[in-house]
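Just below is one structure, and these are the notes that go with it.
None of these values were measured; they are calculated from a predicted model. In what follows, chains carry the letters A, B, and so on, assigned in the order in which the sequence lines appear, proteins first and then strands, with residues in each chain numbered from 1.
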Amino acid sequence: MSVVSGHRARQVNAIGPARFFNHELDVQVRPELGRNGGFALSIRELEMDQVHLELDHEPLVSLRADLREDGTFGDSWLVISPAEACVLSSDHDVRIRVPISDIREAELDRGVGGGSLLLKTDVGPMVLARFSVGLYPKFGYAVTVLNALTKGEEVPLPSERDIPQVCPSCGRPLGEGTSVCPTCLDRGKVIRRLAGFARPYSGRLAVGGLILILATAFQLVPPYVTKLLVDNVLVPHQSSSFTKAVTYLLALVLTLFGVNLLGMLTQSLRGYIGVWCGSRITGDIRHKTYDALMKLSLSYFDRRQTSQFIGRVNSDANSMREFLTDGVVFLVSQILMVLAIAGVMLKMNWLLALLSFATIPLIIVASLVVWPMVHNLWDKQWRSILRLNVLVGDSLQGIRVVKAFGRESSEKSRYNTANQELVMQTTKMEGIWQGVFPMFAFLSSTGGLLVWYIGGRGVLHGTVTLGTLIAFNSYLGMFIGPLQWFSQFMNWLNNTLAAADRIFEILDAKSTVVDRPDTPSLGEVKGAVELQNVTFGYESHRPVLKEISIDVLPGEMIGLVGKSGAGKSTLINMICRFYDPDRGSILIDGHNLRDIQQEEWHKSIGVVLQETFLFDGTVAENISYAYPDATQENIMRVARIANAHSFIMKLPDGYDTLVGERGHLLSGGERQRIAIARALLHNPRILILDEATASLDNETERQIQEALARLVKGRTTFAIAHRLSTLRNADRLVVLDGGRIAEVGTHEELLEQKGAYFKLVEAQRELSKIRGVEG
Amino acid sequence: MEEMFEAKYLNPSSIRLSKSKNGVLEGYVEGKRYAHLSLSRAFPLSLPRQYLAILSHEDKEPQEVGMIRDLDHLDHQSKSAAEQELQLRYVVPTITSIQSIKQEPAFWRWTIETDRGPAELIMRNIHEHVRVMGSSRLILTGVDGRRFELADASTLDGHSKYLLRRYL
Ligand SMILES: Nc1ncnc2c1ncn2[C@@H]1O[C@H](COP(=O)(O)OP(=O)(O)O)[C@@H](O)[C@H]1O
Ligand SMILES: [Mg+2]
């Protein structure tokens with residue numbers, strides 16, 4: 001088998017390095033010529049040359065499974081060719097061969113932590129392969145392939161989502177939706193890119209750097225002046241007169257004063273420059289990240305992992321700033337300091353200097369041992385705090401439930417346990433912390449003692465001056481200070497790089513729903529919506545919508561009904577173009593939705609969702625969210641249409657009432673009506689209502705229904721409603737079942753058919769009888 | 001309507017389970033033959049051998065045939081077939097020793113020995129991937145979703161205990 005190569009080929013992962021990391025992941029992906037002339041991926045993990053398996057056709061897929069029949073870890077291989085599915089043992093002996101023609105259906109049977117590929121055959125069910133949960137995506141693709149083969153359909157190519165994402169160079173798993181491997185991360189590149197944020201301020205930073213060098217130099221001067229003071233003034237000399245000595249003394253003291261003053265000035269000036277540049281750099285980082293976030297498509301935000309990253313943007317930006325300003329300063333100044341001091345010491349007395357360096361290895365070793373320990377303890381303490389916080393948050397949020405069930409005492413004891421744990425961790429942590437600094441102090445003073453002894457002997461012998469000895473001790477203290485932090489610095493660097501990387505990841509993420517560059521303006525939207533064989537799944541191997549086709553006329557009202565999970569909201573997501581269909585297309589007035597500018601499209605549709613989100617701001621601002629320059633009269637007009645005007649007027653601050661997360665508490669129905677007004681303001685041609693009236697009381701629902709009835713007039717409307725009765729006046733009802741269209745027709749037509757819709761209506765009637773309310 | 005909410009506890013002597021040559025759990029429940037059954041634990045963590053639902057997969061959606069109160073009430077052959085099925089449906093290896101816990105940039109890598117063979121476990125952090133149950137029981141989840149259980153930390157060898165104490 002040869003690897004088809006081409007400059008557009010994407011080699012997702014090569015087999016070599018992947019083996020290094022847990023053979024769990026040795027997916028070999030070969031670029032192959034796809035149907036559309038582009039290159040696509042296929043999954044072949046088995047080198048067929050080494051296998052004695054006679055196949056009539058080239059295998060389409062070969063996969064490694066990792067569980068034996070008794071549940072222990074062990075490899076076997078699944079090979080699928082157009083004519084049969086085979087299972088080979090780890091030594092490549094053929095264990096199972098099933099002709100495709102015998103298979104009725106293939107299925108991924110998901111257990112906990114692992115599952116199996118199950119075949120339904122004419123002779124009963126059969127297990128083809130067993131594997132742990134990490135291999136689900138690959139075997140999900142195998143299921144798709146098998147089902148396509150049994151139905152005689154074209155075999156789809158795997159998407160990147162079917163292949164476990166691993167780092168191409170080391171084989172470690174990658175986080176979802178990311179392509180950066182934290183281990184293989186090119187540190188140099190990240191640092192360069194990080195430095196890019198500092199570039200706009202390079203002038204000031206250079207000045208800061210210069211001042212830094214000066215400040216370092218100023219720090220070096222005092223011990224040297226002390227030496228002169230001792231040697232030339234305090235130690236009596238026969239030659240010099242008393243007055244001359246006093247003058248010299250004054251001069252030296254004044255020098256010290258001047259140096260200290262300059263030191264102070266340079267320090268604060270440098271600090272100010274640091275703060276000035278730092279705050280701007282953080283601002284830039286946040287700004288760029290937020291811009292990038294707004295540009296991304298919804299599928300990016302579906303992933304939990306990434307939404308967590310997003311919450312960290314602020315703290316990440318902060319640690320980048322800290323590093324760029326303080327970190328670099330720290331590193332440079334400390335290195336300068338160490339070098340300069342070493343130089344001065346060697347110059348003053350090389351023998352004594354070498355002696356004082358003797359304790360350095362000890363300090364470095366101690367720092368390498370101690371910091372990881374501190375780090376672990378710190379981590380443990382942090383986790384205890386987290387647990388405690390979660391616990392408090394939990395019981396306070398649920399305080400009504402706690403009180404209602406009289407569980408105060410058990411909550412107290414739960415808290416107590418976690419609290420004790422934290423007390424213990426804190427004692428350990430702080431205990432070690434208290435021990436660390438005395439230890440370093442002890443180590444450095446031990447070095448100092450050596451200098452005192454040897455240097456003291458030198459003084460007695462007259463080979464070393466007293467001033468040198470004193471200066472040496474001062475320098476030694478300054479010298480050892482930075483050393484104990486160096487290994488900490490590596491930690492700092494790593495954390496910063498990780499933070500920077502998370503930010504860069506957001507900056508680099510590609511929107512999956514993109515505008516074509518040269519799309520013409522749509523002009524006036526009439527409101528015809530046509531879906532042609534739309535197939536879509538949030539995960540590629542599990543389609544949620546299957547070959548949906550409907551043709552909706554301008555101004556028509558479509559009611560979407562079906563069980564929960566049938567795909568109603570997903571269909572609406574497609575029409576809103578929050579996602580692009582995997583197959584098929586959506587046409588608006590005959591234009592493909594993909595060819596329409598998203599911004600223009602979103603201005604033509606009005607959306608009211610079940611969970612209405614109000615932003616921090618006034619009622620008026622929330623209604624005019626999409627059109628900030630709407631007139632007050634217009635805002636009130638749409639509020640009236642939405643049946644919201646009267647309740648807004650009852651609020652003491654009227655349209656200026658603050659709402660949103662921290663604002664005035666509005667009821668669900670009130671929020672809903674504000675959301676409807678918001679959707680109305682720009683007079684959309686197409687209206688989308690996803691359970692806009694669910695979970696409201698009957699009276700409120702009636703009011704909102706009234707509002708909606710006014711709303712839908714003359715607009716193409718897609719409405720999903722929990723209570724089927726609210727869709728009675730829809731022009732057509734579309735019944736979805738398992739992602740397919742089961743029925744289409746008016747309420748009366750469908751009732752007569754006694755099909756899926758009839759059953760839904762009956763079920764609801766049952767339910768409302770139980771509840772004792774009219775459904 | 002009523003009986004929908006009552007669990008149907010099966011008489012253990014009416015259950016005959018076995019594994020078909022095609023690797024599927026099959027058998028007789030109350031005299032009826034099922035070609036494809038599966039088991040599901042009601043309390044997988046706290047009571048792994050009690051309260052098991054028997055599901056039949058004849059239809060599109062699995063249907064609950066009934067519940068078994070205790071695995072040990074089954075006859076010998078059924079019990080071993082059921083245990084095997086559970087072993088395959090709940091792939092949660094038990095950690096028998098910990099070789100190493102290493103921190104790499106952005107990862108924790110655990111090299112462990114389990115009752116199902118050696119394994120390597122990658123975590124992004126400790127607080128999201130390690131769940132503490134009771135006093136010394138841990139559930140560990142890797143980035144790929146694989147789960148491992150540490151039934152009783154106090155029974156581990158010294159090295160493993162040292163590693164656990166150090167990092168947890
Ligand atoms: N963001 C998402 N990511 C993954 N799966 C999703 C997502 N949203 C919905 N689903 C799944 O898609 C299916 C259809 O969901 P949905 O369209 O919301 O159904 P409904 O008809 O109740 O509105 C469900 O199985 C649901 O779990
Ligand atoms: Mg929905």
Where do M126(A) and K21(B) land on the side-chain contact (heavy atoms from CB on, under 4.5 Å) test, with the steps shown first?
CA-CA 8 Å; M126(A) 117 186 250; K21(B) 65 177 196 316; over 6 Å; no
Might you point out which heavy atoms bring R68(A) and L88(B) nearest each other, and give the distance in Å?
O-CD2, 3.7 Å
Heavy-atom check, side chain of [X] versus side chain of [Y], under 4.5 Å:
| X | Y | result |
| --- | --- | --- |
| K19(B) | E69(A) | yes |
| D70(A) | Q87(B) | no |
| V91(B) | R130(A) | no |
| F73(A) | T114(B) | yes |

For K546(A), does the NZ atom have more than 12 heavy-atom neighbours from other residues, nucleotides or ligands under 6.0 Å away?
yes
Around atom CZ of R131(B), are there more than 12 heavy atoms from other residues, nucleotides or ligands closer than 6.0 Å?
no
Does any N or O in the side chain of R116(B) come within less than 3.5 Å of the main-chain N or O of G71(A), such that one atom is a donor and the other an acceptor?
yes
Given G114(A), P125(A), G113(A), the one with more heavy-atom pairs under 4.5 angstrom with chain B than any other is P125(A)
Tested for side-chain contact (heavy atoms from CB on, under 4.5 Å) against V24(B), the lone hit among V127(A), L119(A), D109(A) is V127(A)
Distance, nearest 0.5 Å, that separates CG of N22(B) from CD1 of I96(A)
7.5 Å
Side chain, backbone, both or neither of L118(A) within contact of chain B (heavy atoms, under 4.5 Å):
side chain
Most heavy-atom pairs under 4.5 angstrom with chain A, which of R166(B), H36(B), R89(B)?
R89(B)
Please look at P118(B) and chain A and tell me whether the side chain, the backbone, both or neither of the residue comes under 4.5 angstrom of a heavy atom of that chain.
backbone
